[in-house]
Number of protein chains: 2
Amino acid sequence: MTVTLNNIATELGVSHMTVSRALKGDPAVAEKTRNRVLDTALKMGYRPNASARSMRSGQFGTLGLLAGSITSYLPGMLMRGIRDGCEKLDLHLQIDSITQEQADDSSYLPRFLQYACVDGLMVSYTGPNAALANHIQQQRLPAVWINDRQTHNAVYPDEIQGGKIAAEHFINHGHRRVGYAALNLTDHFSTNDRLAGINQTLTASGLSEAQRLDGHLASGSEIDQSGMPVLLRMLQRPDRPTALICRGQADATCAYAAAMQLGLRVPEDLSIVAFSDKPILDVCALPIDTLVIPFRTLGEKVATMTHQLTQDPSHQVASETIAYGKIESAGSTTQPTLS
Amino acid sequence: MTVTLNNIATELGVSHMTVSRALKGDPAVAEKTRNRVLDTALKMGYRPNASARSMRSGQFGTLGLLAGSITSYLPGMLMRGIRDGCEKLDLHLQIDSITQEQADDSSYLPRFLQYACVDGLMVSYTGPNAALANHIQQQRLPAVWINDRQTHNAVYPDEIQGGKIAAEHFINHGHRRVGYAALNLTDHFSTNDRLAGINQTLTASGLSEAQRLDGHLASGSEIDQSGMPVLLRMLQRPDRPTALICRGQADATCAYAAAMQLGLRVPEDLSIVAFSDKPILDVCALPIDTLVIPFRTLGEKVATMTHQLTQDPSHQVASETIAYGKIESAGSTTQPTLS
DNA sequence: TTGTACGCGTTATCAC
DNA sequence: GTGATAACGCGTACAA
């Protein structure tokens with residue numbers, strides 16, 4: 001059924017080595033021999049056997065991506081960056097996901113880790129995953145951690161700098177009361193780092209720290225109306241912020257809806273900026289200024305670092321941070337209305 | 001560097017076959033031998049060599065997913081379904097993307113097709129792709145087409161049935177003037193099939209066909225304000241629809257924003273239902289009833305069919321359609337206000 | 001219960 | 001220019 005070098009060779013009455021050389025363009029093959037080979041290879045539908053090739057080279061030319069939930073928690077731009085990075089390195093990309101529970105279960109060795117045709121692993125998980133890390137190490141698989149603040153073998157955005165950019169944005173527009181909405185219950189370092197950056201900038205400008213709008217969105221559903229009461233309460237207070245920095249897209253759309261509901265105009269009564277992996281305007285037509293998380297660059301860097309680790313698995317690599325760019329304006333910022 | 005069966009064997013003074021048998025739990029291995037093997041295998045960090053295994057078995061145990069743009073046009077639930085399908089079949093998943101131009105270019109043979117460690121391919125492209133199809137066939141790669149209405153080797157949603165569901169939904173609520181918003185310039189069959197289903201149901205109930213709101217959203221950006229004028233114009237006409245079926249999420253959020261802008265209340269003045277891969281409420285907090293495209297089931301079916309084709313590549317498989325479920329209510333439908 | 005021999009398809013090496 | 005041979009790591013088939 002499958003066509004091999006030998007099939008072609010016997011068909012042509014040459015040795016399989018001649019065929020191999022001809023196919024890879026070795027100049028030490030006679031012009032007409034090469035052409036004959038190329039012709040019959042095409043005719044017979046030859047397809048190089050990647051297993052055999054991998055066996056010789058000792059490499060698959062493939063990286064694996066292990067993520068919590070492929071569905072929703074893998075930002076498109078991260079995928080894009082990783083793919084582009086892989087393409088530049090001439091690598092293939094394999095993906096799999098295991099649940100958080102499985103990742104925490106030291107008795108569960110993912111099929112993926114043991115049997116997948118990959119040279120290295122890129123891991124996207126929030127929080128500590130000792131069990132998973134153990135398994136990976138035990139499998140001697142080079143691994144890079146995505147968006148996790150570790151000292152080695154990790155790549156993550158510079159969230160403190162991101163917070164500073166957001167705060168400066170509002171300070172430059174003349175705001176003096178800035179809020180920080182983090183309605184999701186999450187212990188990812190970005191939540192606190194962004195706030196830290198914001199507060200550093202605010203206090204350096206002689207302003208008071210950001211008013212926090214914490215809430216509890218029911219987990220499981222990305223957006224839940226239960227965060228709304230918190231927002232409504234805060235936005236009705238006389239000392240309410242005139243500008244709001246939102247931890248994520250869900251916070252921002254909730255805030256927008258809350259403002260609408262209270263008859264507050266955006267941006268005249270309330271300016272909004274949100275962190276998100278995509279400009280929010282593009283996602284749901286709401287004109288909200290967005291500080292785009294640099295996932296694309298991050299993804300490329302992850303691929304590069306994993307490849308590097310693949311080439312020399314004996315050394316760890318120092319982690320890298322990725323810088324934020326500029327805020328993408330959609331019209332949700334203006335000066336505060338004097339009150 | 002890498003540990004092989006032979007390494008373990010010499011270490012223990014046995015043959016590599018004993019090790020192999022012990023590791024795979026062959027009962028014909030002495031209790032204590034097995035334990036010794038398992039111990040040292042763990043200690044030495046043994047990792048089965050997938051290349052060698054694949055070479056023996058003639059299979060990678062991996063399916064490939066080739067899509068236009070990983071970033072935005074691969075719905076999360078499709079990924080989820082495909083992954084789940086693969087897991088059930090004990091298969092790995094590899095992904096890659098090439099641009100539409102590359103897919104149409106007969107001189108461009110994607111690296112992926114030739115060298116990837118995959119047994120079969122799942123292809124997600126809109127429109128005809130003769131060049132790509134040729135390449136795939138030439139590579140003797142079993143392939144299944146995702147969301148493409150072909151007679152063989154394809155899986156796609158029953159869009160006509162979907163249109164019927166949406167139309168019935170409004171008819172049951174007493175609406176008599178129904179609109180269909182397809183602001184995106186796309187020639188995917190779903191655009192017309194949905195409309196066909198809608199019109200079949202409307203005319204069967206003695207109503208006139210759906211008023212069409214076609215527009216031209218600039219390609220490249222998912223949502224462009226340029227679709228807005230069309231909506232605004234249509235919604236101001238005296239015979240405007242009281243209920244709107246939206247082709248996709250972008251159409252729906254645009255429509256919602258347009259209604260807001262005109263002072264029309266949703267749902268009192270305008271009821272809305274949209275096709276989308278996820279409930280729109282979950283994506284951007286806008287309460288819009290959604291007819292969720294059955295991508296998850298579709299993805300599982302795609303994996304199954306591809307696997308089947310992998311096992312017997314000589315036969316084509318008849319395409320399958322996936323049925324729509326119920327509309328997920330978010331509060332954007334009510335009876336029409338009598339005018 | 002354990003060991004030996006061979007072959008999977010490819011590429012590197014050396015000989016002609 | 002071309003061919004013969006060996007080797008990669010594993011599993012099947014058979015022998016001990």
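Labels below follow one simple rule: chain letters A, B, ... track the order of the sequence lines, proteins then strands, and each chain is numbered from 1. Any value given below was found using the heavy atoms of this structure, including those in side chains, with hydrogens, waters and symmetry copies removed.
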Original post:
Does A:S20 make a side-chain N or O approach to OP1 or OP2 of C:dT11 shorter than 4.0 Å?
Top reply: yes
Subject >> Spacing of B:R53 atom CZ relative to C:dG9 atom P, expressed in whole Å >> reply: 18 Å
Original post:
How would you label the contact of A:S51 with the nucleic acid (heavy atoms, under 4.0 Å): base, sugar-phosphate, or nothing?
Top reply: nothing
Original post:
Between B:C117 and A:S54, which heavy-atom pair has the shortest distance, and what is it?
Top reply: SG-OG, 4.4 Å
Original post:
Are the side chain of B:S319 and the backbone of B:A154 linked by a donor-acceptor contact shorter than 3.5 Å?
Top reply: yes
**OP:** Take atom CZ of A:F60 and atom P of C:dT10, then tell me their distance rounded to the nearest Å.
**Re:** 16 Å
Subject >> Salt-bridge present (B:E300, B:K88; N to O < 4.0 Å) >> reply: yes
Original post:
What parts of residues 22-30 of chain B reach DNA chain C, counting only heavy atoms under 4.0 Å away?
Top reply: B:A28, B:V29, B:A30
What nitrogen or oxygen pairs link the protein and nucleotides 6-8 of chain C at under 3.5 Å?
from: C:dG7; atom 1: N2; to: B:R56; atom 2: NE; distance (Å): 3.4
from: C:dG7; atom 1: N2; to: B:R56; atom 2: NH1; distance (Å): 3.0

Original post:
For the pair made of CZ in B:R34 and P in C:dT1, what is the distance, rounded to whole Å?
Top reply: 10 Å
Original post:
Partners of A:R36 by side-chain contact (heavy atoms from CB on, under 4.5 Å), sequence neighbours excluded?
Top reply: A:L12, A:V14
Subject >> Integer-rounded Å distance: C:dT13 P and A:R21 CZ >> reply: 12 Å
Original post:
Would a distance-only check, ignoring hydrogens and angles, find a side-chain to backbone donor-acceptor pair under 3.5 Å from A:R53 to A:P48?
Top reply: no
Subject >> A:D148 (side chain) donor-acceptor with A:Q150 (main chain) under 3.5 angstrom >> reply: no
Original post:
Below 4.0 angstrom, N of the basic side chain to O of the carboxylate: do A:R80 and A:D84 qualify?
Top reply: yes
Original post:
Under 3.5 Å, side chain of A:R34 to main-chain N/O of A:D26, donor-acceptor pair present?
Top reply: yes
Original post:
Under the 3.5 angstrom rule, does the side chain of B:R83 hit a backbone N or O of A:S97 as a donor-acceptor pair?
Top reply: yes
Subject >> Any donor-acceptor N/O pair, A:D119 side chain to A:G61 backbone, under 3.5 Å >> reply: yes
Original post:
How long is the line joining CG of B:L12 and C1' of C:dT2, in whole Å?
Top reply: 13 Å
**OP:** Take the C1' atoms of the five end pairs on each side of the helix from C:dT1-D:dA16 to C:dC16-D:dG1, derive the two axes, and give their angle rounded to 10 degrees.
**Re:** 40°
Original post:
Just to confirm, is there a sub-4.0 Å distance from OP1 or OP2 of C:dT10 to any side-chain nitrogen or oxygen of A:Y46?
Top reply: yes
**OP:** Tell me what A:T33 touches on the nucleic acid: a base, only sugar-phosphate, or nothing, going by heavy atoms under 4.0 Å.
**Re:** sugar-phosphate
Original post:
Is there a donor-acceptor pair closer than 3.5 Å between any side-chain N or O of A:H307 and the backbone N or O of A:G85?
Top reply: no
Original post:
Rounded to whole angstrom units, what separation is found between the CG atom of A:N7 and the P atom of C:dG9?
Top reply: 8 Å
Original post:
What is the distance, rounded to the nearest whole Å, between atom CE of A:M17 and atom P of C:dC16?
Top reply: 17 Å
**OP:** Extract, from 5' to 3' on DNA chain D, the first and final nucleotides lying under 4.0 angstrom from some heavy atom of chain A.
**Re:** D:dG1 to D:dG9
**OP:** Please determine which of A:T306, A:L63, A:V123, A:V317 meets the side chain to side chain contact (heavy atoms under 4.5 Å, CB included) test together with A:V144.
**Re:** A:T306
Subject >> salt bridge (charged side-chain N to carboxylate O under 4.0 Å, His left out): pairs with one or both residues in residues 301-311 of chain A, sequence neighbours excluded >> reply: A:K301-A:E320
Original post:
Within the distance-only criterion (no hydrogens, no angle test), does the side chain of A:T40 pair as donor or acceptor with the backbone N or O of A:K43 below 3.5 angstrom?
Top reply: no
